[in-house]
K.L.:
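Have a look at this one.
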Amino acid sequence: MYMVYWTIEEDGRRAPHAQGFDTTAMVEAMRFMEDLRRRQREGERIRFVTMCSEHPDVVGHPGVDVTGPEYDWKKRRR
């Protein structure tokens, strides 16, 4: 799933907005963002246009996880 977030400034106030898109609709989400940015370039008070994604079939938990004592990761150096 994709979410597009943006803010509209009017009369000194900021109003946050969001619109969701299906997992298969990344192109539509990108087009929507570009339309918001076009409107911003044309002078509309649109700010903070961004997109976030979260796959519904993800196998792990988001964020940082705690490792146990058996965890032995090493960075490979050349």
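Positions are given from 1 along the sequence.
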K.L.:
Anything under 3.5 Å between a donor and an acceptor, one on a side chain of residues 2-10, the other on a protein residue two or more places apart or in another chain? List them.
P.N.:
unit_1: Glu9; atom_1: OE1; unit_2: Arg45; atom_2: NH2; d: 2.7
unit_1: Glu9; atom_1: OE2; unit_2: Arg14; atom_2: NE; d: 3.2

K.L.:
Listed by chain and number, what are the side chain to side chain contact (heavy atoms under 4.5 Å, CB included) partners of Arg41, not counting sequence neighbours?
P.N.:
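In terms of side chain to side chain contact (heavy atoms under 4.5 Å, CB included), with neighbours along the sequence ignored, Arg41 is linked to Glu34, Arg37, Arg38.
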K.L.:
Among residues at least two apart in sequence or on other chains, which ones pass side-chain hydrogen bond (donor to acceptor under 3.5 Å, both in side chains) with Arg47?
P.N.:
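Result, side-chain hydrogen bond (donor to acceptor under 3.5 Å, both in side chains) vs Arg47: none returned.
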K.L.:
If you draw a 6.0 Å radius around CD in Glu42, do more than 12 non-hydrogen atoms from other residues or ligands fall strictly inside?
P.N.:
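More than 12 within 6.0 Å, yes.
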K.L.:
Search all heavy atoms of Gln40 against all heavy atoms of Ile46 and return the closest pair with its distance.
P.N.:
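Where Gln40 meets Ile46 most closely, the heavy atoms are NE2-O, 2.6 Å.
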K.L.:
Run the side-chain donor-acceptor check on residues 21-33: report pairs under 3.5 Å with partners two or more places apart or on a different chain.
P.N.:
unit_1: Asp22; atom_1: OD2; unit_2: Thr24; atom_2: N; d: 3.2
unit_1: Asp22; atom_1: OD2; unit_2: Thr24; atom_2: OG1; d: 2.8
unit_1: Thr23; atom_1: OG1; unit_2: Met1; atom_2: N; d: 2.7

